[in-house]
Amino acid sequence: MSNKVDILGIQVDALTMAEAVAMAERYMEERACVMIATANAEMILRATHDEELREILNEAALVVPDGAGTVWAAHHLGFEMPERVAGYDLAQEIMRLAPSKKRRIYFFGSAPGVADKAKKKAEQLYPGIEIVGTRDGYFTPDDEPGIIADIKEKHPDLLLAALGVPKQEKWIRAHKEELGVPLSIGVGGTLDVMAGVMKRAPRWMQKAKLEWLFRGMLQPKRAGRLLALPKFVLKVHKYKTRGNQT
Ligand code: UDP
């Protein structure tokens with residue numbers, strides 16, 4: 001249904017939010033055990049030197065363009081990319097439809113207490129939604145069998161994994177068949193935003209394509225990560241001029 005566009009060796013889907021939601025619904029109907037990844041500039045840059053992440057992204061059912069940087073890169077490389085599909089917004093759209101479609105959703109990740117707060121928020125925003133389980137994202141290898149057993153027992157249609165990049169993608173790939181969850185999405189800071197622990201950029205900044213700047217300002221310890229964007233821009237430009245060599 002959608003076109004894959006090559007950005008620094010990562011195949012990103014050129015599609016609209018409405019199309020991404022339709023695909024997500026289809027995966028849940030088909031019970032296919034697939035992953036949707038949400039690729040911003042930082043993730044794509046990381047994937048250029050993290051081979052496992054690159055493989056995971058290129059095997060994912062869908063890689064949505066999460067971030068102004070990703071959309072810019074597609075355009076700079078001469079491809080069509082209709083719009084940004086932010087992971088946070090995609091998760092909200094799926095949750096909005098969840099009560100009428102009777103979807104079961106599991107929140108996995110973020111600091112202790114955050115997923116429960118996000119669940120309460122989801123129940124306020126989307127009355128009738130079934131958040132069938134929650135679990136924080138700080139665990140040891142010994143905890144994993146218990147986490148897996150809990151997810152299996154709750155039979156979610158959708159697993160939202162908020163463990164940060166690339167931990168969430170690697171965890172989903174390692175366990176998705178065993179879990180038998182039709183659709184898993186790595187959603188980064190989504191539960192933090194829902195729980196009110198972290199703010200999203202105001203609309204005007206999102207529209208001005210400055211959400212990355214807002215995040216860097218809000219979390220000074222992440223300020224170093226702001227460098228990812230200029231690095232990404234340079235790399236994409238070289239990729240174009242050198243004929244797709246990273
Ligand atoms: N996180 C987690 N377990 C970890 C590391 C991070 O659950 O071992 C959570 C963290 O609390 C936050 C989310 O992952 O809620 C996303 O983290 P961050 O914003 O650093 O990652 P990004 O998605 O931007 O890479």
Side-chain angles (χ1 to χ4, degrees), residues 8 10 12 35-50 52-54 56-57 60 63-70 84-92 95 105-122 131 133-144 146-148 150-151 159-175 179 184-201 205-206 209-229 231-232:
L8 304 183
I10 306 306
V12 181
M35 173 183 340
I36 295 181
T38 63
N40 60 14
E42 208 180 336
M43 187 196 268
I44 295 175
L45 200 59
R46 182 185 268 270
T48 62
H49 54 81
D50 180 336
E52 189 187 349
L53 180 61
R54 184 162 67 240
I56 293 173
L57 296 181
V63 179
V64 299
D66 175 346
T70 309
R84 174 183 180 200
V85 179
Y88 177 86
D89 296 327
L90 177 61
Q92 304 306 311
M95 285 193 269
I105 304 175
Y106 196 106
F107 286 169
F108 173 38
S110 300
V114 171
D116 288 322
K117 271 196 193 147
K119 171 180 154 110
K120 288 208 178 80
K121 183 74 183 180
I131 309 300
T134 59
R135 157 76 217 208
D136 70 74
Y138 293 84
F139 53 88
T140 64
D142 289 347
D143 299 325
E144 286 192 78
I147 297 174
I148 291 166
D150 189 54
I151 298 174
L159 174 67
L160 294 184
L163 307 172
V165 177
K167 193 170 173 184
Q168 58 201 19
E169 287 74 23
K170 292 182 180 178
W171 200 89
I172 292 171
R173 154 131 105 187
H175 302 293
L179 292 170
S184 302
I185 312 181
V187 289
T190 291
L191 300 181
D192 285 333
V193 175
M194 290 187 74
V197 178
M198 203 173 78
K199 279 211 185 86
R200 230 183 141 197
M205 274 187 109
Q206 289 184 40
K209 306 190 182 357
L210 290 174
E211 188 155 22
W212 56 276
L213 180 61
F214 180 82
R215 286 208 203 162
M217 287 176 351
L218 214 68
Q219 292 174 284
K221 63 174 191 239
R222 292 177 54 151
R225 290 167 62 173
L226 284 179
L227 279 179
L229 203 65
K231 266 194 208 155
F232 177 75

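Indexing begins at 1, ligand by ligand and atom by atom, following the structure's order. Reckoned from all heavy atoms, side chains included, excluding hydrogens, waters and symmetry mates.
Heavy-atom minimum distance, Met35 versus Ile172: CE-CG2, 3.6 Å. Of all the heavy atoms in Leu191 and Ala115, the pair that sits closest is CD1-CB, 4.2 Å. Heavy-atom minimum distance, Phe108 versus Asp136: CE1-O, 3.5 Å. Contact record, Lys167 with Phe139: CE-CZ, 4.1 Å, taken as the closest heavy-atom pair.
Remark: side-chain polar atoms of Asp150 are not paired, donor with acceptor, to backbone N or O of Ile147 under 3.5 angstrom.
Atom NZ of Lys170 is surrounded by more than 12 heavy atoms from other residues, nucleotides or ligands within 6.0 Å.
Protein residues are said to neighbour a ligand when one of their heavy atoms lies under 4.0 Å from it; for ligand 1 these are Gly109, Ser110, Ala111, Gly137, Tyr138, Ala162, Leu163, Gly164, Val165, Lys167, Gly188, Gly189, Asp192, Arg222, Arg225.
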